[in-house]
Amino acid sequence: MKRKKQLEIITPYHPGKSIEEVKRAYGLHHVVKLASNENPFGCSHNVQEAMMAELTKLASYPDSRANKLRKKLAESIGVNQDQLIFGNGTDELIRMLARTYLGDRTNTVMSELTFSQYKRNAIIEGAEVREVPHINGRHDIMGIIDAVDENTSIVWICNPNNPTGEYVREHELIKLLNKIDHDILVVCDEAYYEYVDAHDFPNTVNLMKEYRNLVITRTFSKAYGLAGLRIGYGICHPDVVKDLEIVRETFNTSRLAQAAAIAALEDQAFIKVCREKNRKELEQYYSFCWRFGLSYFPTQTNFIFIDMKRKTDELADCLLRKGFIIRPGSEFGCPTSVRITMGSSTQNDDLIAYLSQLLQMPETETL
Ligand SMILES: Cc1ncc(COP(=O)(O)O)c(C=O)c1O
């Protein structure tokens, strides 16, 4: 087959082990997954009812423009309806952006320690990928500005950043937007937006009034607890929406996903509770780190990236056998780190207790 040359340097994306896989492999009845930054509290109770009402309509295609959801979301964010585009998860929006704006003779700039889908999609489109070293888990904005040139089409800012949880401050984003040409898209991936509580986190919706090249992506997969339905959205200038619409699959978001997203949006009390519980659970991990003298990045998300000061592939294996799925840092090029998603209080207590035991054993005995 005459496949694209660039496919030779990438392999399929590995989303990590599922609960079912781990149950089968280790003969376990109970497995806790704290590896994909899903919401341990599920989703709003409103969602089930909204989806049930949609079940009788499954024989007909969904609304291609997701008009009801569009109206609801535009009102809740305070943007015009023509500034929105929906995707089968943010993953699809990232692919649409890459497909629309990247190709050979273009380059794209990102942090070297960030969400891997930007790089993967850029490579598939044949673009040059320019990765800028991070500074303590944070995007190096000056480094990013230096890496941009006249062939740059997209700068990716994962904010807050996956896997570190750190964030770009508003003044840093403004500096970037002021320093680069206004025909270069700056994509702020705000997948964890609902968890953020930093006062200096960028108000990107507001900045968009001034910067037409700013694109925001957000998702219903994380705090809204709808990862299984696959729905995310982009907020951008109407001209960018028009470009993206050309590559969007006609019926890319399902009836069920659209109905669920509307119901989920209407229940902001659920989001507030999840955010509060998340903050409380994070405190547990911070004190665990202090107790064991481990370094971590302060996080604005529902996960934490901890340097365990020992190789974590083995540690992650030990945890698997005990029924905990976490992400070893080797997947991000940081072999002594782990990324752990906040679970429920009991899940976190159990994991921290087990991790504490493991850390008190010599490294070789964890095998
Ligand atoms: C930073 C970031 N962006 C995008 C995504 C993809 O989210 P979605 O489920 O909306 O495709 C993830 C998922 O983990 C993520 O961490």
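Counting starts at 1 for both ligands and their atoms, following the listed order. Bear in mind that the values here come from a model prediction, so they are computed numbers and not experimental data. Computed from heavy atoms alone, side chains included, the values below leave out hydrogens, waters and symmetry copies.
When non-hydrogen atoms are compared, ligand 1 lies under 4.0 Å from neither the backbone nor the side chain of Phe220. Contacts of Glu92 with ligand 1, taken as heavy-atom pairs under 4.0 Å, are absent altogether. Heavy atoms of Asp189 found under 4.0 angstrom from ligand 1 belong exclusively to the side chain.
Proximity of Leu34 to Phe303: side-chain heavy atoms (C-beta onward) are nowhere separated by under 4.5 Å. Counting only heavy atoms from C-beta outward, the side chains of Gln83 and Cys236 never approach each other to under 4.5 Å. Side-chain contact between Tyr195 and Pro160 is absent, with no heavy atoms from C-beta onward closer than 4.5 Å.
Atom 14 (O) of ligand 1 has its closest protein heavy atom at Lys222 NZ, 2.8 Å. In terms of protein heavy atoms, atom 6 (C) of ligand 1 is closest to Asp91 OD1, 3.4 Å. Closest to atom 9 (O) of ligand 1 among all protein heavy atoms lies Ser221 OG, 2.6 Å. When hydrogens are left out, the protein atom nearest atom 11 (O) of ligand 1 is Arg230 NH2, 2.7 Å; that is the closest non-hydrogen contact. With hydrogens left out, the protein atom closest to atom 8 (P) of ligand 1 is Thr90 N, 3.4 Å, a heavy atom. Protein heavy atom closest to atom 12 (C) of ligand 1, with residue, atom name and distance, is Phe115 CZ, 3.4 Å.
Put simply, OG1 on Thr253 and CG on Leu256 are 11.0 Å apart, with the number rounded to the nearest 0.5 Å. Rounding to the nearest 0.5 angstrom, the gap separating the CG atom in Leu97 from the CG atom in Asn121 is 9.5 Å.
Ion pairing between a basic and an acidic side chain is recognised when a charged N comes within 4.0 Å of a carboxylate O; Arg327 and Glu331 show such pairing.
Here is the list of ligand 1 atoms found below 4.0 Å of a heavy atom in Asn162: 1 (C), 15 (C), 16 (O). Using a 4.0 Å cut-off to heavy atoms of Cys158, the atoms of ligand 1 that qualify are 1 (C).
Between Thr219 and ligand 1, at least one pair of N/O atoms sits closer than 3.5 Å.
In this structure, Arg169 is positioned above the aromatic face of Tyr167, its NZ or CZ under 6.0 Å from the six-membered ring centre and within 45° of the axis.
For CD of Glu49, the number of neighbouring non-hydrogen atoms (other residues, nucleotides, ligands) closer than 6.0 Å is 12 at most.
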